[in-house]
Amino acid sequence: MSDEIQASPSGKSGFTRRRFIIGTVGVGAASVIAGTAVRAPRALAATPPSGPPTTTLPLPTTTAPEQLLLTWGNDPAREVTVSWSAPGTVAQPAPTLAVSTRPITAHNPGRLIKMPDPEPLDVTRRYDAASSVSFTDGLNGQTTYFYHVQLTDLWPGTRYYYEISDGAATPSTAGSSFETAPFGRAKFRFSSYGDLSTPSWDLNTSGNIWHESCDNSWYAVTAIENPGDGKGAPLFHLLNGDLCYANLDVDNAPGVWRDFGNNVARSAANRPWMPALGNHECEFGVDTLAGQPGNAPGGIGAQGAAGNHWNGPYGFGHYLSRFLLPDNGLINWDGNRLRGNFYAFQVGTVKFISLDADDVIYQDGAANYVIDTANTAPETTTTGAKIPNGTTNYTRFYTGDLKLNPADNSLVPDYASGRPNLQTLWLESTLAEARRDPSVDMIVVFMHQVPMSTSTSGNGSDLAIRQAWLPLFDKYEVDLVFHGHEHDYERTYPVRGYEPGELGTVVAPNPGQTKGAAVDTRRPAVVTTEPYEHNGTPAWNTAEGTVYLVLGGGGTNGPTNSYGTDTTDDLPQAKVITTRNEVVGSEATGFAKNGADSVEDAPWSAAINPTDAYGYSIFDVDPGERRGETTITFQYFAIPAVSNEAGTAHDGTTTLPTTPTETFVFGRKVGGR
Ligand SMILES: [Fe+2]
Ligand SMILES: [Fe+2]
């Protein structure tokens with residue numbers, strides 16, 4: 001451990017008030033010297049574009065397969081889905097996938113799977129084993145193509161080779177290999193972060209700068225293929241939402257997704273990448289919330305004002321076209337299948353659950369057109385779609401309703417409304433089943449938005465996650481929960497239950513709130529601030545309390561690693577979002593959107609990294625000898641920001657440290673208490 005201690009311990013409030021400050025500076029020069037300075041290949045453009053394009057740029061009309069992407073099927077030991085895309089707006093002529101346990105050669109052509117003709121995304125239908133999907137962006141009109149093969153009946157722990165062909169007269173091919181998950185109790189490694197974004201111009205396929213582009217996004221992918229400890233790439237990666245921020249480039253969302261897909265393919269062609277939905281996956285378009293074509297009178301330009309401002313189902317059309325994920329089997333109240341919106345899978349003795357927090361949070365989605373200038377014209381796009389000022393995509397309760405239980409300030413599925421929240425019901429049944437299952441030792445949940453964050457420059461802690469899902473995480477003793485959304489690193493102490501009472505204060509009132517009023521933030525209760533030791537490594541017993549990790553340092557150009565402290569008592573302080581952050585104003589005056597409304601002291605905050613916003617996490621799972629003995633060893637590797645990212649001397653380099661900035665063991669039997 002080479003952590004520094006921020007403040008002296010104090011007996012006040014019953015907890016030692018230490019919060020570890022970590023980072024590549026904090027751990028000393030050794031790790032930097034030992035690190036590997038990496039430089040990526042130079043790109044197309046010799047000089048940087050002046051900024052994000054403001055008109056729709058054409059996409060290629062070539063068909064060579066690219067953006068290779070692996071994901072797990074329902075059973076990672078036996079099922080893997082291979083996905084890829086055409087570069088642009090022309091479908092592949094006759095695409096095929098060849099698969100074999102030996103390399104694909106002229107002498108070993110493998111098992112050949114021919115792809116059907118593409119059909120537009122339709123989430124009311126089931127997918128065939130081989131499916132070709134097209135999606136037309138509602139704002140720029142570009143149609144792009146995605147191909148999915150669901151491989152089943154694979155051998156566990158086995159390497160498979162694959163090759164994709166576009167089937168052109170002179171075919172173009174691409175391929176790689178992957179390993180299925182091991183069978184039964186076995187060791188494995190996985191990794192995680194969120195908020196990946198796209199690289200900048202010199203490392204993007206397109207040569208463009210997008211709104212959130214930053215070359216740290218390139219190095220984040222590099223790091224997964226070659227983790228700093230030299231012990232090899234993970235079996236799979238968890239991507240905690242805000243994948244590429246395509247919704248911010250309203251004229252070029254398909255182009256942003258393409259650059260994301262090609263950056264990620266450097267790893268995702270070799271191992272599954274399992275995503276969670278974030279707010280930036282929710283895009284403006286011209287469909288209804290359920291994803292049906294908007295048909296209000298007045299044509300395409302009238303749809304936004306009529307409320308039809310969604311790009312596919314719930315705005316997630318690009319995401320749902322690109323990823324074919326494990327099936328939760330649910331059909332939503334509107335008739336859409338909810339496959340991939342949230343899902344679960346098991347590897348070894350660990351159950352993994354991906355959630356879509358957009359469904360419960362007070363915060364809105366990230367497709368916003370909120371301008372504080374009077375009489376602002378609608379956002380007008382290439383297709384003629386118009387998004388009126390003051391429009392925000394808000395998807396809360398899209399899988400059904402939750403109601404407040406005043407007895408404990410929790411949110412529970414609302415049967416009285418006739419459409420209880422399906423995701424929360426599914427979460428409870430999935431957790432209950434996992435805890436009954438003798439083959440599951442530990443439960444890892446990953447989602448985008450955050451119930452506990454002390455970031456001052458980021459979004460803050462969303463009370464609704466504490467109200468709706470933390471009671472379930474407590475009841476079923478979820479071990480670890482990962483997030484993104486805040487572009488930084490934060491770790492909590494183990495927490496269980498909450499401290500009743502009004503421990504928050506309104507500082508930026510939403511309508512109906514009073515500045516200075518006390519507010520019940522359902523503040524999570526700290527179990528302990530002192531780690532155990534497990535084979536010489538500090539360890540937290542996650543049977544005693546759940547540990548929450550903010551891992552949002554994938555690579556966006558907007559780091560948010562400034563953290564709050566209450567100057568009156570020197571405790572960590574968190575912004576808390578306790579009501580919908582309302583958009584207020586009018587066409588005549590302009591609009592404004594509130595941020596977090598309240599603050600609370602945050603004794604749950606255990607570690608922060610003010611030095612480096614970026615980083616990746618490596619987790620090594622060891623099942624031990626007997627049931628319940630699984631441990632997960634966690635290493636966090638901070639990554640310094642790339643040099644000269646914004647300057648004319650842009651060189652796009654950083655140092656990938658070989659020494660972790662934090663190492664802990666998590667387990668349910670560690671510590672012996
Ligand atoms: Fe983000
Ligand atoms: Fe986010």
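Start at 1 and go down the list; that is how both ligands and their atoms are numbered. The figures here come from the full heavy-atom set of this structure, side chains too, leaving out hydrogens, waters and symmetry mates.
Shown are Asn336, Asp358, Asn341; of these, the side-chain hydrogen bond (donor to acceptor under 3.5 Å, both in side chains) with Tyr398 is made only by Asn341. Applying side-chain hydrogen bond (donor to acceptor under 3.5 Å, both in side chains) to Asp359 and the options Thr424, Thr395, Asn421 leaves one that passes, Asn421.
The cationic atom of Arg523 (NZ for Lys, CZ for Arg) does not lie both less than 6.0 Å from the six-membered ring centre of Tyr498 and within 45° of the ring axis. Taking the ring axis of Trp604 as reference, the NZ or CZ atom of Arg491 does not stay both within 45° of it and closer than 6.0 Å to the ring centre. The cationic atom of Arg580 (NZ for Lys, CZ for Arg) lies less than 6.0 Å from the six-membered ring centre of Tyr394 and within 45° of the ring axis.
The Fe ion (ligand 1) has Tyr245 among its coordinating residues (N/O/S atom, backbone or side chain, under 2.8 Å).
The Fe ion (ligand 2) has Asp242 OD2, Asn279 OD1, His448 NE2, His485 ND1 as its protein N, O or S neighbours under 2.8 Å.
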Let's go through Trp426 and Phe342 carefully: what are the C-alpha distance in whole Å and the side-chain angles of both, what is the deciding distance for ring-ring contact (aromatic ring centres under 6.0 Å, His included) to 0.1 Å, and is it a yes or a no? CA-CA 9 Å; Trp426 173 87; Phe342 47 93; 5.1 Å; yes
